[in-house]
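Lettering follows sequence order; numbering is per chain, from 1. Quantities reported herein were computed from a predicted structural model and do not represent experimental measurements.
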There are 2 protein chains.
Amino acid sequence: MQRSLKGGSRSPGQTCALSDLSDLNTLPEDVREALKAICRQKSYEAGQTIAEADRPSDFIGIVRDGILRMEKTLSDGRRHLVGLLVEGDIFGHVFDGEMHFNVEAATSVELFTFRRGPFEEILLRSPDLDRLLLLNLLNELDRARDWMIILANPKVRGRLAGFLLLLCTRFQNVDHVTSIAGDAIRLRIPLSRRDLANLLGTRLESVSRAFHALANDGLIDILQPRVVEIRDLEALADEAGGSELGDPASLHQLMLAIQKPTD
Amino acid sequence: MQRSLKGGSRSPGQTCALSDLSDLNTLPEDVREALKAICRQKSYEAGQTIAEADRPSDFIGIVRDGILRMEKTLSDGRRHLVGLLVEGDIFGHVFDGEMHFNVEAATSVELFTFRRGPFEEILLRSPDLDRLLLLNLLNELDRARDWMIILANPKVRGRLAGFLLLLCTRFQNVDHVTSIAGDAIRLRIPLSRRDLANLLGTRLESVSRAFHALANDGLIDILQPRVVEIRDLEALADEAGGSELGDPASLHQLMLAIQKPTD
DNA sequence: CGGTATTTTGAGTATCGTCAAGGCCAGTGG
DNA sequence: CCACTGGCCTTGACGATACTCAAAATACCG
C-alpha cells in the first residue's frame with residue numbers, strides 16, 4: 001500500500017517564490033501579484049498521490065521542482081503512465097474539464113497550488129494567463145505525440161533509446177535529471193523498471209535486457225540501475241529511428257555542449 | 001509521388017453551413033456571424049496534403065466531414081501517424097504555435113477554413129470561442145493519451161483490439177465509420193494496413209495477421225480488408241487489456257445500443 | 001545485520017520482424 | 001475483351017526478439 005493522498009506539508013503563511021518559474025515572469029505585474037496572493041506551496045515525497053482521476057481535485061498546480069507521473073488506472077487494475085510533469089508544467093483541469101489520470105510524485109516534489117475558483121477568476125481577467133495555459137497545453141500535446149512516436153518503435157531497444165533521448169532533450173536543465181560528466185551526459189532516470197515497462201509497453205525484464213544490450217554495444221554506461229551515462233548520442237538517436245524528438249537541432253546543440261563542457 | 005498540396009476545390013462565394021457543427025452552435029450569435037463572414041469551404045480527396053509541418057500554414061481548419069490523418073515525417077523519411085481528425089475537430093495552430101506534423105486527407109474531406117489573421121481577431125474578442133479552442137485542445141490531449149495506452153500494449157493483437165475499440169467509441173456518429181449491422185457493429189477502417197502498421201508500431205504483415213487472428217477466434221468478421229464487424233465486443237475489450245478507452249460507460253452503452261438496434 | 005523491494009539473469013516458448021512469393025482488384029492500353 | 005500494371009492485402013517460412021515463469025543477485029532501509 002502506497003502512502004495515501006492526504007496532501008503534502010504546506011507552508012501556508014509564506015509567500016510563494018513564483019518568480020522562480022521563468023514562464024510566469026512573462027505575465028504582467030498585477031497578475032503575478034494576484035496569483036501570489038492565492039498561492040500555496042506544498043511538498044510531496046516520492047510515491048505520494050497528488051490528485052486522483054475523475055475526482056474534482058479543485059486545485060491547479062504548477063510544478064516548482066521535481067517530477068510527477070501522470071498515470072491512468074485501467075479497469076482491470078493495471079496502471080499506465082501517460083506522461084511526466086516537470087518544472088513549470090501546469091496541471092489540473094481548468095473549467096469543466098476532468099482529469100482522466102492520477103498525478104503522483106515520481107521524486108520529491110515542490111508545487112505551487114491555487115484553488116480553482118479564485119484561479120479562474122484571475123484567468124477570466126487576464127488574457128496573458130489564458131495564453132500561458134494555452135501554450136502549456138500545446139506543449140503537452142506535442143509531448144504526448146512524441147511519446148506516441150517513441151512507443152511506435154517496433155523494438156524495445158528502440159523505444160528505450162527514444163526515451164533516453166527524450167530525457168536528454170526535453171529534460172535538460174530540469175531538476176537533477178541531466179548533468180554533464182566529462183564527455184558524456186549523465187542521466188538520473190526518475191522511474192523504476194516497472195514504471196518504464198508500463199510506459200514503453202513492455203515488461204520490466206525486457207527493459208532491463210534492453211538497458212544492458214545498449215550498454216554492451218557501448219551506447220551507454222550503467223552506473224547504477226537508475227543512473228546511466230550516454231556514450232554515443234548519435235548511435236542512440238539512430239537506434240531510436242532518427243532524431244525526431246523535439247528538434248534535431250536541440251540534439252546537435254546537446255552534442256556541442258558536451259564537447260566543451262566547462263565554459 | 002502524391003498529388004501535391006495546391007489546395008482543394010473551393011466554394012468561395014457560398015456562405016458556409018457552419019451550423020452543421022453542433023459545437024459551434026454554442027457560440028453567441030454575433031461570433032457565429034463573424035466566423036461565417038470569413039469562412040471558406042474546401043474539399044479534398046483522399047491522399048491530398050492539406051497542411052505541412054513547420055510551414056506557416058496560415059489558416060485554421062474545422063473538419064466538416066471526412067477523416068484527416070496527422071502525421072510526422074521523421075528525419076530518415078519514414079512517417080508516423082500521430083492521430084486522426086474527425087468532424088468538428090479544429091486544427092492549425094493559433095497564435096505562435098507551429099504544427100509539427102502534416103495533415104492529410106484519409107478519406108474525401110470537407111473543411112471549413114479561416115485565414116489566421118481575421119480568425120485571431122475574432123478570437124481576441126470572444127472568450128467563448130477561446131473556450132471552445134481550449135476544450136478542443138483538451139479533447140485532443142485526452143485522445144493522444146488514449147493512443148499512448150493503446151500503443152503501450154505489448155502485443156499487436158492487443159493494440160489492434162484497442163484501435164478497433166477506439167473506433168467504436170470515439171468515432172460513433174462520425175462519418176461512415178461506424179454503423180449497426182444486425183447484432184454487430186460494422187466498422188469502415190479509414191486507414192490502409194500500412195498506415196495502421198505505422199500507427200500501431202508494427203509492420204503491415206503483422207497487422208494483417210492480427211486481423212485474421214481476431215477473426216479466427218470469432219471476435220470479429222472481416223467482410224473486406226477495410227470493413228469489419230465486431231462480433232464480441234467484450235472479448236475485444238478484454239484483448240485490449242480492459243475497456244479503458246474513454247469511458248467504460250460508453251462501451252456499455254454501445255453494447256446496449258446493439259441489443260436493441262432499431263428503436 | 002536482516003528483510004524487503006528492485007533489478008538482473010536464465011531457459012523455454014510465443015510472438016513478431018523480415019524476406020519472399022502470391023492473390024485480389026481497379027485502372028490502362030492494346 | 002483481354003493482357004498488363006501497380007497498389008494493396010494475404011500467406012508462408014525462418015530467424016530475431018520479446019514475453020513468461022522462475023530464481024538469483026543486488027540495492028535499499030531500518
Side-chain angles (χ1 to χ4, degrees), chain A residues 1-3 45-47 69 78-79 106-108 150-163 187-217 220-228 239-241, chain B residues 1-3 45-47 69 78-81 104 106-108 151-163 187-217 220-228 239-241:
Chain A
M1 283 286 107
Q2 299 286 73
R3 197 166 280 106
E45 283 164 30
R69 287 191 304 245
R78 286 172 309 130
R79 301 184 309 179
T107 66
S108 62
I150 290 176
L151 287 174
N153 195 309
K155 306 215 182 103
V156 175
R157 272 184 64 143
R159 294 202 288 274
L160 180 59
F163 170 76
L187 290 177
R188 293 197 60 82
I189 298 163
L191 299 173
S192 70
R193 295 289 129 106
R194 172 175 301 279
D195 286 337
L196 262 180
N198 280 341
L199 183 62
L200 299 181
T202 181
R203 303 292 143 158
L204 68 170
E205 297 98 322
S206 297
V207 174
S208 179
R209 284 187 242 268
F211 264 111
H212 288 274
L214 291 178
N216 280 336
D217 294 358
I220 64 174
D221 275 354
I222 303 175
L223 306 186
Q224 301 166 34
R226 297 198 190 186
V227 180
V228 302
E239 191 80 41
Chain B
M1 283 292 104
Q2 297 288 71
R3 196 167 281 105
E45 283 165 29
R69 287 190 304 244
R78 286 171 309 130
R79 302 185 309 180
H80 264 287
L81 273 175
E104 304 185 357
T107 66
S108 63
L151 287 174
N153 195 309
K155 306 213 183 105
V156 174
R157 272 184 65 144
R159 294 203 287 273
L160 180 58
F163 170 76
L187 290 177
R188 293 198 58 81
I189 299 163
L191 298 173
S192 70
R193 297 288 130 109
R194 174 175 299 281
D195 286 338
L196 220 41
N198 280 342
L199 184 62
L200 299 180
T202 180
R203 304 293 144 157
L204 69 170
E205 297 98 325
S206 297
V207 173
S208 180
R209 283 187 243 270
F211 264 111
H212 289 273
L214 291 178
N216 280 336
D217 294 358
I220 66 174
D221 275 354
I222 304 175
L223 307 187
Q224 300 166 33
R226 297 199 190 185
V227 179
V228 301
E239 191 79 43

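Atom-to-atom distance recorded for L151(A):CG and L199(A):CG is 6.0 Å, nearest 0.5 angstrom. For the atom pair T107(A) OG1 and R69(A) CZ, the distance stands at 10.0 Å (nearest 0.5 Å). The structure places CG of L187(B) at 12.0 Å from CG of D221(B), a figure rounded to the nearest 0.5 Å. The structure places CG of L191(B) at 6.0 Å from CG of L81(B), a figure rounded to the nearest 0.5 Å. Note: L196(B) CG to L200(B) CG = 4.5 Å, rounded to the nearest 0.5 Å.
Ranked by how close their nearest DNA chain C nucleotide is to the 5' end, P154(A) and R209(A) are led by R209(A). Toward the 5′ end of DNA chain D lies the nearest nucleotide of L191(B), the other residue of the pair T202(A) and L191(B) mapping further downstream.
Taking atom CG of L196(A) as the reference point, atom P of dT6(C) lies 13 Å away to the nearest angstrom. Distance R194(B) CZ to dT10(D) C1': 14 Å, rounded to the nearest Å. One atom, NZ of K155(A), and another, P of dT15(C), lie 19 Å apart when rounded to the nearest Å. Between the P atom of dA18(D) and the CG atom of N153(B) lies a distance of 16 Å, rounded to the nearest Å. Put simply, NE2 on H212(A) is 11 Å from P on dT26(D), counting in whole angstrom units. Atom P of nucleotide dC28(D) and atom CD of E45(A) are separated by 17 Å, given to the nearest angstrom. The separation between D195(B) atom CG and dC8(D) atom P is 9 Å, rounded to whole Å. Note: CG (L204(A)) to P (dC21(D)) measures 13 Å, nearest angstrom.
Side-chain N/O atoms of E205(B) and base N/O atoms of dC19(C) include a donor-acceptor pair closer than 3.5 Å.
Under the side-chain hydrogen bond (donor to acceptor under 3.5 Å, both in side chains) criterion, R209(A) pairs with no residue, sequence neighbours left out.
Side-chain N/O atoms of S206(B) include one lying less than 4.0 angstrom from OP1 or OP2 on dG17(C).
Among residues at least two apart or in separate chains, side-chain hydrogen bond (donor to acceptor under 3.5 Å, both in side chains) pairs with a member in residues 150-161 of chain A are R157(A)-D217(A), R157(A)-E239(A).
When heavy atoms are screened at a 4.0 angstrom cut-off, R226(B) is found touching the sugar-phosphate backbone but no base atom.
End-to-end axis angle of the helix from dC1(C)-dG30(D) to dG30(C)-dC1(D), from C1' rotation axes over five pairs per end: 40° (rounded to 10 degrees).
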